[in-house]
Amino acid sequence: MDSMWSFMDILILACGVYALYSAYVLKAQGKIVQTFLLSKDTKPEACRDLPAYAGEMSPKLSVMGGVMVAYGVISLINTYLVEVNSLYWVFMIGMIVCLVWYAIMAKRASQKYF
């Protein structure tokens with residue numbers, strides 16, 4: 001059971017790093033990495049105003065990525081180094097709230113720009 005949770009922690013940490021990378025690519029290069037930003041049926045080329053979309057979604061994606069990385073690190077510390085249960089639960093709840101917030105913001109931006 002512990003190995004399954006450790007795998008999930010590493011997966012969340014990796015997804016957080018990838019989200020930060022996607023935010024960087026969106027802001028710096030103006031390219032949409034479809035994984036975190038758009039649904040499968042939405043084409044990145046269909047964006048009506050890419051600079052505005054990048055300006056709106058890049059910070060939000062950075063926040064979500066940062067929260068995921070922080071949760072992954074705290075969870076791995078909790079599992080392997082020292083128990084920080086209260087901090088772990090705070091970060092878990094924070095990550096869940098952040099994911100819901102991000103999903104709402106991404107849907108609104110998708111409706112606005114596509």
Side-chain angles (χ1 to χ4, degrees):
M1 182 71 165
D2 235 8
S3 63
M4 181 184 79
W5 286 112
S6 295
F7 174 73
M8 290 299 295
D9 297 339
I10 292 168
L11 184 64
I12 290 170
L13 179 63
C15 287
V17 170
Y18 187 64
L20 290 172
Y21 167 75
S22 298
Y24 169 76
V25 168
L26 180 63
K27 187 69 173 175
Q29 299 175 5
K31 294 181 183 176
I32 296 174
V33 178
Q34 193 167 356
T35 310
F36 284 104
L37 293 166
L38 303 174
S39 62
K40 289 180 189 176
D41 57 338
T42 305
K43 302 290 182 219
E45 304 84 35
C47 186
R48 292 187 294 253
D49 188 1
L50 186 58
Y53 180 76
E56 185 173 328
M57 287 308 296
S58 180
K60 293 172 179 145
L61 186 55
S62 296
V63 168
M64 186 191 68
V67 169
M68 290 174 76
V69 167
Y71 168 77
V73 168
I74 292 297
S75 185
L76 289 171
I77 288 171
N78 185 56
T79 302
Y80 292 109
L81 297 178
V82 62
E83 285 192 26
V84 286
N85 284 327
S86 57
L87 186 62
Y88 168 77
W89 286 106
V90 167
F91 272 85
M92 179 182 279
I93 292 168
M95 186 187 72
I96 292 169
V97 168
C98 185
L99 288 174
V100 170
W101 165 79
Y102 180 77
I104 293 168
M105 294 296 108
K107 183 164 177 71
R108 286 183 185 166
S110 182
Q111 291 171 343
K112 183 176 177 181
Y113 294 104
F114 290 90

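Numbering starts at 1 and runs along the sequence shown. Keep in mind that the numbers below use all heavy atoms, side chains included, and drop hydrogens, waters and symmetry copies.
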So which heavy atom on V69 is nearest to which on V17, and how close?
CG2-N, 3.6 Å
T79 versus S6, closest heavy-atom pair with distance
CG2-OG, 3.8 Å
Just so I know, are the side chains of [X] and [Y] near enough to count as touching, which here means a heavy-atom distance under 4.5 Å?
X	Y	value
S75	I12	no
V33	L26	no
L20	M68	no
Y71	C98	no

With sequence neighbours left out, what residues match M105 under side-chain contact (heavy atoms from CB on, under 4.5 Å)?
K60, W101, R108
Partner set under side-chain contact (heavy atoms from CB on, under 4.5 Å) for A106, not counting sequence neighbours:
M57, Y102
Group every Ile, Leu, Val, Met, Phe, Trp and Tyr by side-chain heavy-atom contacts under 4.5 Å, then state whether I96 and V90 land in the same group.
no
Sorted by chain and residue number, the ring pair (Phe, Tyr, Trp, His ring centres under 6.0 Å) partners of Y21 (sequence neighbours excluded) come out as none
From CA spacing to verdict: side chain to side chain donor-acceptor pair (under 3.5 Å), E56, Y113
CA-CA 10 Å; E56 185 173 328; Y113 294 104; 2.9 Å; yes
Measure the [atom1]-[atom2] distance between [X] and [Y] for me, rounded to the nearest 0.5 Å.
X	Y	atom1	atom2	answer
M4	M8	CE	CE	7.5 Å
L81	I74	CG	CD1	10.5 Å
I32	L38	CD1	CG	5.0 Å

Result block: side-chain N/O donor-acceptor pairs under 3.5 angstrom for residues 46-55, not counting sequence neighbours:
{"from": "R48", "atom 1": "NH1", "to": "F114", "atom 2": "O", "distance (Å)": "3.2"}
{"from": "R48", "atom 1": "NH2", "to": "K112", "atom 2": "O", "distance (Å)": "2.5"}

Side-chain donor or acceptor of S22 paired with backbone N/O of Y18 under 3.5 Å
yes
Restricting to salt bridge (Lys or Arg N to Asp or Glu O under 4.0 Å), what partner residues turn up for K31, sequence neighbours left out?
none
Quick one, Y24 with S58, criterion side-chain contact (heavy atoms from CB on, under 4.5 Å). Give me CA distance, side-chain angles, the key distance, then yes/no.
CA-CA 7 Å; Y24 169 76; S58 180; over 6 Å; no
Check which hydrophobic residues are tied to V97 through side-chain heavy-atom contacts below 4.5 Å, counting indirect links as well, and list them.
I93
Distance only, no hydrogens: is a donor on one side chain within 3.5 Å (strictly under) of an acceptor on the other, for E83 and Y88?
no
